[in-house]
Amino acid sequence: MMEPRYDPHGVEERWQKTWEDEGLYNADPDPAKTPYVDAHPPPNVTGELHMGHALQLALGDLMIRMKRMQGFNALFQPGYDHAGISTQNVVEKALIAEGTSRQEIGREAFEERVWAWLHEYGGKILHQFRRMGASLDYRRTRFTMDDDYVRAVMRFFVHLYNRGWIYRANRIINWCPHHETSLSDLEVVHDDTDDALSTIRYPLADGDGYIAIATVRPATIPADVAVAVHPDDPRYTAFIGREVIVPWTENRVPVIADERVEIDFGTGALKITPAHDPKDFEIGREHGLPEPSVLGPDGRMTAAGLEGLTQDEAAQKILDWCKERGLLEKREHYRHSVAFCERCHTRIEPRISMQWWCAMEEIKQRPLEALRNREIVYHPESQHRFAIDSLENAPDWNISRQIWWGHQIPAWFCSDGHVTVQETEPSACTECGSTELTRETDVLDTWFSSAMWPFATLGWPDDTESLRHFYPGDLQTTAREIIRLWENRMIFSGLELMGEIPFKDVVIHSTVLAPDGRRMSKSLGTGIDPLELIEKYGTDATRYGLMRNSLTQDVRFSYSAIEEGGKLANKLWNAARLVVTACEGALPAEKPSSLEEQWMLARLSQTQRRIESLLADFDFAHTMDELYHVTFDDFCDWYLEAVKGRLYDGDADARATAMAALERLLKLLHPALPHVTEEIWSFLPERTSRLIVAPWPEAGDESTADALARVQELAVMFRRSGVVPPLEGDEKRIFDAVVKPERVAVNGNADAEIARLRKEIERGEKMLGNERFVANAPADVVTAEREKLERYRRELDAIGG
RNA sequence: GGGCGGUUAGCUCAGUUGGGAGAGCGCUUCCCUUACAAGGAAGAAGUCGCAGGUUCGAGCCCUGCACCGCCCACCA
């Protein structure tokens, strides 16, 4: 019935299905129970399971499973995110492949296409979540574009607008010419890029001489409105306040002084192009300069004489123009970091544009308070400080996007330019009563709706039973880069709309690097697919292997960690096989009569307390370590070896105790290795419930936990020296059963052991002979040293040194 | 440029108020013993990045340096 080797294939899918079918993942409001909630981060609807998801799920699911067994009403909330730009990208690609485009088919048809695409391909990731054994309440799956969710987003937007925290402003923003939308700073990536730096002379308007400027973007020269120099730069003080002539346009522009110009870079003079550079924009606004633009939304030129050209083509024309007139001083290779769209890797075009903004200054105060008071705690601790820092420095948030897939902003403009903001379409402008209204076409940043995840998933804005019972939640497990994009905003929205923090603990997991230390990424070809690991090693092994790494530093992926998990499952399986086959038939109540039995139960209690305490600090790595060693060393190598004989001999007490010990071990292991433990559980006699919902054990008496320590120590000594120590009674029986003196003595080397003990004794005597040590060291350290010395002397006597 | 983390055995990593350098994998030797060879037993293997300092005592605390990684900012 139980094969000698544990094979996770088939077993794991079977339990995943059973657990879900039997409703054991479900969490319903129950006033009799204390809730424990992890609103799991909704992955992109277009996404696939990657290593980060796998780790995140393993951590969250371990906590949820333990809490569920401990009697909490454990809710693991699933769902997925509409992922505005990413999803739009995928569907647009499909349209282009068909020879059409979203512009061609129009907004309404495009949205239908997205829905159709989602219907067919979206949400696959939830099936992959199931394969991870994640005990999410799949009935409660939410999508950020569900009707109810959209209603919640509209309510939130209007709420913020009425509070005065949302405003419109014409500012320079990151613009992706491919998507033709604005992007927040957090959606932009910077890469080192090879470029050319051109030094160009701007002749003085009032006579001879010139100022040379260095630029990487000659195409924007027609939009220049000034040249800036540092006020303390002696080379240029005479030029300040005079005018220079901009090449190509031959416009006259002023030379201004500004401290943001770096004297040491290039020529020390900077052309000011407010419409196409963030720093220039800032300088321009302070100096009251105009903001002409020479680039269209598609990144092509609109300047006179250059219409429709790409920037490269325009740059060439302008450079040629300069060269003919002797204004091009030089053109040299230059490597610098350039901003790209995170999604399509198109070069970002800074652009002045009217956008919706969320003002952060006032908004962030309550979240900051919650973090500083540690109402919310990030783990590990270093991330807590980072979270506070990043919130303190959070700039106003650009929340509008010029794409089509997302939550359309609920704002209507009348022909006079008045804005009416409300949840549903107004019949007339609230300011002038005009009935000719057009709706804002922009949609909201994806993260705007994500910010509401902890309560919108529970039914907000309706006052539902779920919302009352399950809010506020407890746990978030998430990736570091999400702290600014998401965590901070959830905290704010929860405090603002619900009046309470959305969760108490945020576990920031480490980044799993490729075995060579590089980042795992598809484009680098360094990615490892967790589904392949599951196929090969099983889900339990994969979960164990990922959680075995600490959270405090990024860690290189290693297959041997996963293999270790597989070995643990197999070892447990075989230990259970021994117990189950030896203990067939009716069993009396647990009766730990012998030393080794008392010791095993005490060790299990001790391990349980350690695990509980480790997990209170979200120390998953050491939890795995405890589980591994209690299984291999304590349960198998000592306890089972010691009682094996009695089990085979039909000792009823031994059998009952072995079964009880196995049960407790399975419970401790279940949150980490859910499938193999449930499978074993099903072979135990007289089960009345599944292990997944079995009660977490009460920790028992630990007083005999170290009763075998002496025997173990002597066993180690014996193995080194080959000299059988003087033992009696239980100790002798256990020693003989586990150590098997007749087989091991071959490697004994009493001389080496004697030498080792003498060295230890010498060291101890030296320390205790040091008056300053005895006087200064803590008393317990000195006492421990004396005891050690005594012990070594006794052992030396025992082997006849 | 700012911040954070790291450097410990061949590899991946632990090391909790300063007090005996550890685990898993790999390697060597022995054992297919009636749960398990994905097993058992034993063993070899480390100048704890470098240089100073504090201390009776430093992998751990302090200072400086080197190298690796991540995040942020910026680059005309």
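Throughout, a chain's letter reflects where its sequence line sits, starting with A, and its residues are numbered from 1.
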Novice: Taking only the P atom of each, what is the distance from B:G6 to B:C60 in whole angstrom?
Specialist: 13 Å
Novice: With a 4.0 Å cut-off on heavy atoms, is A:K271 in touch with a base, just the backbone sugar-phosphate, or nothing at all?
Specialist: nothing
Novice: Answer yes or no: does a side-chain N or O of A:K788 lie under 4.0 Å from OP1 or OP2 of B:G20?
Specialist: yes
Novice: A:H629 has a side chain; which of B:C71, B:A23, B:C56 sits nearest to it?
Specialist: B:A23
Novice: For atom C1', what is the distance between B:C68 and B:G53, given to the nearest Å?
Specialist: 26 Å
Novice: In whole angstrom, give me the gap between the C1' atoms of B:C74 and B:G59.
Specialist: 38 Å
Novice: Which is true for A:A576 with a 4.0 Å heavy-atom rule: it touches a base, it touches only sugar-phosphate, or it touches nothing?
Specialist: nothing
Novice: Given B:A41, B:C25, B:G20, identify the nucleotide with an atom nearest to the side chain of A:Y792.
Specialist: B:G20
Novice: Can you confirm whether the side chains of A:E564 and A:Y544 place a donor and an acceptor under 3.5 Å from each other?
Specialist: yes
Novice: Just to be sure I understand the rule, does A:E262 reach a base, reach only the sugar-phosphate, or reach nothing, if contact means heavy atoms closer than 4.0 Å?
Specialist: base
Novice: Considering Watson-Crick and G-U wobble pairs with both distances under 3.5 Å, what does B:A9 pair with?
Specialist: none
Novice: Under 4.0 Å between a side-chain nitrogen and a carboxylate oxygen: does that hold for A:E596 and A:R646?
Specialist: yes
Novice: Between A:R285 and A:E291, is there a salt bridge with N-O shorter than 4.0 Å?
Specialist: yes
Novice: Which one, B:C70, B:C71, B:G20, comes nearest to the side chain of A:R480?
Specialist: B:C70
Novice: Any ion pair linking A:E286 and A:R260 (charged N to carboxylate O, less than 4.0 Å)?
Specialist: yes
Novice: Taking atom P in both B:A45 and B:A21, compute the distance separating them and give it to the nearest angstrom.
Specialist: 15 Å
Novice: Could you pull out the protein-nucleic contacts involving nucleotides 12-17 of chain B (nitrogen or oxygen on both sides, under 3.5 Å)?
Specialist:
unit_1, atom_1, unit_2, atom_2, d
B:U12, OP1, A:R556, NH1, 3.2
B:C13, OP1, A:R556, N, 2.5
B:C13, O3', A:Q553, NE2, 3.4
B:A14, OP1, A:S550, OG, 2.7
B:A14, OP1, A:Q553, NE2, 3.1
B:A14, OP2, A:Q553, NE2, 2.8
B:A14, O3', A:H622, NE2, 3.4
B:A14, O2', A:H622, NE2, 2.7

Novice: Between A:D195 and A:R347, is there a salt bridge with N-O shorter than 4.0 Å?
Specialist: yes
Novice: Taking atom C1' in both B:G64 and B:C70, what distance in whole Å separates the two?
Specialist: 24 Å
Novice: Looking for any heavy atom pair under 4.0 Å, which part of the strands does A:L270 touch: base, sugar-phosphate only, or nothing?
Specialist: base
Novice: Will you find, in the side chains of A:T220 and A:K271, an N or O donor that is under 3.5 Å from an N or O acceptor?
Specialist: yes
Novice: Compare the minimum distances between each of B:C25, B:C36, B:G5 and the side chain of A:R385, then state the nucleotide with the smallest one.
Specialist: B:G5
Novice: Which nucleotide in the list B:C36, B:G19, B:G24 gets nearest to the side chain of A:K567?
Specialist: B:G24
Novice: What distance, rounded to whole Å, do you find between the two C1' atoms, one in B:C31 and one in B:G46?
Specialist: 30 Å
Novice: Starting the side chain at C-beta, find the nucleotide from B:C36, B:G20, B:C74 nearest to A:N574.
Specialist: B:C36
Novice: Is the shortest heavy-atom distance from the side chain of A:Y628 to the side chain of A:D633 under 4.5 Å?
Specialist: no
Novice: If you pin A:Y334 and A:D7 to their nearest nucleotides in RNA chain B, which one's is more 5'?
Specialist: A:D7
Novice: Consider the side chain of A:Y628, meaning its heavy atoms from C-beta on, and name the nucleotide among B:C25, B:C70, B:G40 that approaches it most closely.
Specialist: B:C25
Novice: Any chance the side chains of A:S184 and A:N398 put a donor and an acceptor closer than 3.5 Å?
Specialist: no
Novice: Please determine, for the side chain of A:E564, which listed nucleotide (B:C71, B:G19, B:G24) has the closest atom?
Specialist: B:G24
Novice: Quote, to the nearest angstrom, the P distance that separates B:C4 from B:C13.
Specialist: 22 Å
Novice: Within residues 275-284 of chain A, find the residues that approach RNA chain B with a heavy atom at under 4.0 Å, and present them sorted by residue number.
Specialist: A:K279
Novice: Could you give the distance separating B:U17 and B:A73 at their P atoms, to the nearest angstrom?
Specialist: 37 Å
Novice: Between the side chains of A:R793 and A:E790, is the shortest nitrogen-to-carboxylate-oxygen separation below 4.0 Å, so that they form an ion pair?
Specialist: yes
Novice: Is there a Watson-Crick or G-U wobble partner for B:C61 with both distances under 3.5 Å, and which nucleotide is it?
Specialist: B:G53
Novice: Do the side-chain N or O atoms of A:K644 get closer than 4.0 angstrom to the phosphate oxygens (OP1, OP2) of B:U34?
Specialist: no
Novice: As a test of reading the structure: which of B:G40, B:G19, B:C74 is closest to the side chain of A:H190, going by heavy atoms?
Specialist: B:C74
Novice: Let's go through A:D554 and A:R480 carefully: what are the C-alpha distance in whole Å and the side-chain angles of both, what is the deciding distance for salt bridge (charged side-chain N to carboxylate O under 4.0 Å, His left out) to 0.1 Å, and is it a yes or a no?
Specialist: CA-CA 11 Å; A:D554 289 347; A:R480 203 165 28 223; 3.0 Å; yes
Novice: Quick one: ring-ring contact (aromatic ring centres under 6.0 Å, His included) partners of A:F557, sequence neighbours excluded?
Specialist: A:Y559
